[in-house]
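First comes the structure, then the notes that go with it.
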Amino acid sequence: MHPSIEDYALIGDHQTAALVGRDGSIDWLCLPRFDSAACFAKLLGDEENGHWRIAPKEAKGAKGADVCTRRAYRTDSLVLDTEWETEDGTVRVTDLMPQRDRAPDVIRIVEGLKGRVTMRSTLRLRFDYGSIVPWMRKSDGHRVAVAGPDSVWLRSEPEVRTWGKDFGTHSEFEIAEGEQVAFVLTWHPSHEPRPARVDPYEALAESVSDWQAWAARCRYGGPHRDTVVRSLITLKALTYAPSGGIVAAPTTSLPEEIGGVRNWDYRHCWLRDSTLTLGALLACGFQEEAAAWRDWLLRAVAGDPAELQIMYSVAGERRIPEFELAWLPGFRGSAPVRIGNDAVRQSQLDVYGEVIDSLSLAQQAGLPAKPHVWRLRQALMDFLWSAWREPDEGLWEVRGPRRHFVHSKVMAWVAADRTVRALEENPGLSGDVDRWRAMRDEVHREVCERGYDPERNTFTQSYGSRELDAALLLIPRLGFLPPDDPRVIGTVDAVRAELMRDGLVRRYDSDPTAIDGLPGNEGSFIVCSFWLADALHLTGRTKEALDLFERLVSLCNDVGLLAEEYDPVAGHQLGNFPQAFSHIGLVGTALTLFDGEGDRSGAGGSEEEGAG
C-alpha cells in the first residue's frame with residue numbers, strides 16, 4: 001500500500017532534504033540541491049524509481065518490519081529516530097544529514113536496543129528522477145554508483161557484506177543490544193576524486209548539538225512552544241544555506257487532489273513568502289536567518305522592476321522552465337509529474353507590495369543596513385505607479401484569464417503606504433511623498449468601490465465578481481482597514497460561510513466553473529485557516545480563534561509536519577510537503593494569539609542607508 005503524505009518525516013542539510021517513511025524507506029532525495037534531479041523518486045513512482053530502506057528483515061506477529069512501532073525527532077533537532085519492536089527484539093534507525101562542507105551525506109545508524117534482530121538494507125539508486133540505473137562498482141571499501149555527472153559512494157562501519165541483485169545493492173546483518181552499524185551515503189560530481197570520509201558518530205553528536213543550540217535562540221515562550229519550534233526548525237531546514245533562500249517545499253508534484261492534475265513543483269523561492277517569513281523569524285529571535293533571507297531577496301529582485309518575477313531558484317536563478325516526466329506515474333497515480341514552474345512567467349502585482357513590506361519590516365527590526373535599498377524601493381514604486389491598474393493572475397497563480405484581484409490591489413496599497421510612512425518618518429530620504437500619498441488614497445478608494453459588495457457586506461475576489469478569496473482575511477492584518485470596520489467583519493463572516501468546509505478554509509471556490517482554469521478540486525489550504533484564526537482574534541473573537549488554532553495544530557503529523565493542504569473528509573494531508581507557508585502560518589498565529597504580536601506587517605521606520 002502506498003504511504004500517505006503525512007507518513008513521511010524530513011531530514012536535511014540546509015542545501016537539500018530527504019523524506020523518510022514509517023517503513024524506514026527514504027523515498028525522496030534530490031542531490032546536491034533542493035531543485036536537483038532526484039536519485040530516490042519512489043515518492044512519485046515505485047521502488048524501481050529509487051529508494052533506500054533499512055528495516056527488520058521480516059514481520060513477526062502484530063509488530064514487525066512493515067511499519068515502525070514509533071518514531072520521533074530528537075529534542076529540538078532534525079535528527080530522526082525510528083524504532084521497531086519485533087518478537088526477536090527492538091532496534092532503532094537514526095537518520096540525519098549533517099550540515100555539509102562540500103559533499104552531501106546521508107547517515108543511517110542502526111542500534112540494537114533489546115534482543116537480536118536481523119536487519120536488511122535495500123538501496124536502489126536511480127538518477128535523473130528515477131530514469132537512469134547507474135553503473136555499480138567496488139572501490140576502497142565503498143559501493144560506488146556512477147552515471148553521467150553523478151556519483152554516490154556507500155560504506156558501512158563496521159563493514160557489512162553487500163551484494164547486487166535486481167539492479168539494487170543489498171545487505172543483511174544481525175544487530176544485538178548495544179551494537180551499532182552506521183551507513184554513510186555520499187554524493188559528489190563523478191569527475192572528482194572520492195570525497196573525504198565523515199565520521200557518522202561524530203556527525204550525529206554535532207548535528208544534535210548544533211540544532212539544539214539553534215533552537216535555544218527561539219524567544220517564543222507561549223503555548224505549544226514545541227510545535228512552534230518544530231515549525232521554525234522546518235523553515236530552517238528548507239533554507240538553502242549558500243544563498244539564504246527558502247524553498248516553498250522540498251518536493252514536486254504531490255497532489256492537491258489524489259488522482260488529479262493540480263501537481264506543481266515547489267522547490268523554488270517565492271517572493272510573497274518574504275514578509276511572513278521575515279516576520280516569523282524576527283519575532284522569534286532569528287536575526288541571522290532573517291538577514292540572509294533579506295539579502296537573498298535583494299539579490300534576486302535586482303534589475304528592471306518590470307521584469308520582477310514571483311519566484312526564483314534557490315541561488316536566485318530566473319529561468320525555471322516547466323516540463324513533465326512521463327515515466328513517473330505520480331503520487332498514487334496523480335499525474336502529471338512536473339519539474340519547474342511556468343507560473344514564474346505570470347504577472348502577480350502583489351509581489352511588489354510584499355517586497356516593499358519585507359524591506360520595511362527588515363529595517364524596522366534593525367537588520368544591518370544595505371546600500372541602495374531605498375533606490376530599489378523607489379524603482380519598484382515607479383513601476384507600480386501605473387502597473388497597479390492592470391489585471392494580473394493573483395497570488396494563487398491561476399491559469400485562467402487575468403483579473404483585477406482585490407488582494408493584488410490591497411498589496412499595491414501596502415507598497416504605497418509603507419513608502420509614505422518611510423518618507424514621513426525619515427526627512428533625510430528623497431522622494432515625492434505627495435505622489436505616493438495620492439496613489440495610496442486612489443488605490444484605497446478604488447478597492448472600496450469596485451472590490452466591495454455592499455449587498456453582501458463583503459469584499460470579493462476580484463472587481464465585479466461574487467467569488468470570495470481567503471486572502472481577503474489579510475485586510476485587517478495589513479492595515480488596509482481597522483479590524484472593527486463593518487466591512488472587515490462582514491468579509492470574515494462571508495469567508496467563513498462560503499469557503500469553510502468541515503471547519504477548514506478553502507482558498508477560493510475551485511469547482512470546474514471557477515477562475516483557475518484547471519479541472520478537478522483541491523483540499524483546504526492550511527495557511528488560509530491560520531489567516532482566519534488571526535482575523536477572528538483581531539476582530540474580537542479570540543475564543544473562536546483559539547479553538548481553530550487548536551484544530552490546526554492537531555493536523556500536524558506525528559513528527560509535527562504540515563503539507564500545503566488537508567482533506568478533512570478523508571483525514572489526509574495533500575500537496576507538497578512539508579510546506580513552508582503552512583509552518584509560517586502556524587508560527588505567525590501562535591505569535592498573534594499568545595505573544596502580543598498581533599500586527600507584524602511592518603511600519604516603515606528609519607532607512608538611513610538610503611539617505612543622500
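More than 12 heavy atoms of other residues, nucleotides or ligands sit less than 6.0 Å from atom OH of Tyr201. Few gaps surround CZ on Arg225; more than 12 heavy atoms of other groups in view lie less than 6.0 Å from it. Residue Glu288 places its CD atom among 12 or fewer non-hydrogen atoms of other residues, nucleotides or ligands, all under 6.0 Å distant.
Counting heavy atoms from C-beta on, the side chains of Ile175 and Val117 come closer than 4.5 Å. Using a 4.5 Å heavy-atom threshold, the side chains of Leu574 and Glu257 count as separate. Counting heavy atoms from C-beta outward, Val152 and Pro134 have side chains that stay 4.5 Å or more apart. Looking at heavy atoms from C-beta onward, Ile5 lies out of side-chain contact with Tyr566 at the 4.5 angstrom threshold. Contact annotation: the side chain of Arg332 approaches that of Ser4 to within less than 4.5 Å [non-hydrogen atoms, C-beta and beyond]. Counting heavy atoms from C-beta on, the side chains of Phe286 and Arg217 come closer than 4.5 Å. At a threshold of 4.5 Å between non-hydrogen side-chain atoms, the residues Val247 and Tyr240 do not count as touching. For the pair Val314/His268, no side-chain contact is recorded, criterion being any heavy-atom separation below 4.5 Å from C-beta on.
Side-chain atoms of Glu397 and Trp270 form a donor-acceptor pair, as typed in the model, at a separation below 3.5 Å. When only modelled atom types and interatomic distance are considered, Trp187 and Asp150 share a side-chain donor-acceptor pair under 3.5 Å. Remark: the Glu289 side chain and the Trp214 side chain contain an N/O donor-acceptor pair separated by less than 3.5 Å. For Arg262 and Ser334, the side-chain atoms include no donor-acceptor pair closer than 3.5 Å. A donor-acceptor pair shorter than 3.5 Å can be found between the side chains of Trp153 and Ser151. No donor-acceptor contact under 3.5 angstrom links the side chains of Thr169 and Arg143, judged on distance only.
Listed for the Asn576 side chain is a donor-acceptor partner under 3.5 Å among the backbone atoms of Trp264. For Gln309 (side chain) and Met311 (main-chain N/O), a donor-acceptor pair under 3.5 Å exists by modelled atom type. Proximity of a side-chain donor or acceptor of His583 to a complementary backbone N or O of Leu562 within less than 3.5 Å is detected. Not a single donor-acceptor pair under 3.5 Å links the side chain of Thr252 to the backbone N or O of Ile339. Using modelled atom types, one side-chain atom of Ser190 and one backbone atom of Gly148 make a donor-acceptor pair closer than 3.5 Å. For Glu6 (side chain) and Asn557 (main-chain N/O), no donor-acceptor pair under 3.5 Å exists by modelled atom type. Using modelled atom types, no side-chain atom of Asp210 and backbone atom of Ser207 make a donor-acceptor pair closer than 3.5 Å. Of the possible donor and acceptor atoms, none in the side chain of Asp128 sits under 3.5 Å from a partner among the backbone N and O of Ser131. Although no hydrogens or angles enter the test, the distance criterion places a donor-acceptor pair under 3.5 Å between the side chain of Arg53 and the main chain of Asp23. Of the possible polar contacts, one joining the Arg299 side chain to the Ser243 backbone as a donor-acceptor pair under 3.5 Å is found.
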Would Thr16 and Arg100 satisfy side-chain contact (heavy atoms from CB on, under 4.5 Å), going step by step from the backbone distance to the final call? CA-CA 10 Å; Thr16 190; Arg100 70 171 93 162; 3.5 Å; yes

Is there a side-chain contact (heavy atoms from CB on, under 4.5 Å) between His51 and Thr122 once you walk through the steps? CA-CA 8 Å; His51 75 118; Thr122 300; 4.3 Å; yes

Mind running side chain to side chain donor-acceptor pair (under 3.5 Å) on Arg267 and Ser36 for me, showing each step along the way? CA-CA 9 Å; Arg267 299 171 299 156; Ser36 298; over 6 Å; no

Could you go through Glu177 and Lys114, starting from their C-alpha distance and side-chain angles, then the distance that decides it, and tell me whether this counts as salt bridge (charged side-chain N to carboxylate O under 4.0 Å, His left out)? CA-CA 5 Å; Glu177 181 177 345; Lys114 180 181 178 181; over 6 Å; no

Walk me through it: do Gln579 and Ile526 pass the test side-chain contact (heavy atoms from CB on, under 4.5 Å)? CA-CA 9 Å; Gln579 175 78 5; Ile526 291 175; over 6 Å; no

Take Val91 and Glu111 through the side-chain contact (heavy atoms from CB on, under 4.5 Å) test and state the conclusion after the steps. CA-CA 6 Å; Val91 65; Glu111 181 180 3; 6.0 Å; no

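The line from CZ of Phe34 to OG1 of Thr251 is 11.0 Å long, rounded to the nearest 0.5 Å. Atom CG in Leu29 sits 6.0 Å away from atom CZ in Phe40 (nearest 0.5 Å). Between Gln15 atom CD and Arg33 atom CZ the span is 9.5 Å, to the nearest 0.5 Å. Expressed to the nearest 0.5 Å, how far CG of Leu185 lies from CG of Leu31 amounts to 7.5 Å. In this structure, CG in Leu10 is found 6.5 Å from CG in Leu238, a value given to the nearest 0.5 Å. Summarising the geometry, atom CG belonging to Leu204 is positioned 14.0 Å from atom CZ belonging to Arg108; distances are rounded to the nearest 0.5 Å.
Closest approach of Ala237 and Trp211 over heavy atoms only: N-CH2, 4.2 Å. Smallest separation of non-hydrogen atoms from Arg338 and Val261: NH1-O, 2.8 Å. Summarising the geometry of Arg116 relative to Ala176, their closest heavy-atom pair is NH2-CB, 3.5 Å, with the distance given to 0.1 Å. Minimum interatomic distance between Arg319 and Ser313 (heavy atoms only, all atoms of both residues): O-OG, 4.4 Å. Residue Met136 comes nearest to Ala145 through the heavy atom pair SD-CB, 3.2 Å, listed as atom of the first residue, atom of the second, then distance. Nearest approach of Arg230 to Leu561, heavy atoms of both residues: CD-CD2, 4.5 Å.
With sequence neighbours left out, Asp27 forms a side-chain hydrogen bond (donor to acceptor under 3.5 Å, both in side chains) with Tyr8, Ser25.
Using a 4.0 Å cut-off between charged nitrogen and carboxylate oxygen, Glu172 and Lys165 do not count as a salt-bridge pair. Salt bridge present: Arg74 and Asp81 bring a charged side-chain N and a carboxylate O closer than 4.0 Å.
Classification of the Phe183-Phe173 ring pair by plane angle, with boundaries at 30° and 60°, yields tilted.
Residues Trp396 and Phe525 place their aromatic rings such that the two centres sit under 6.0 Å apart.
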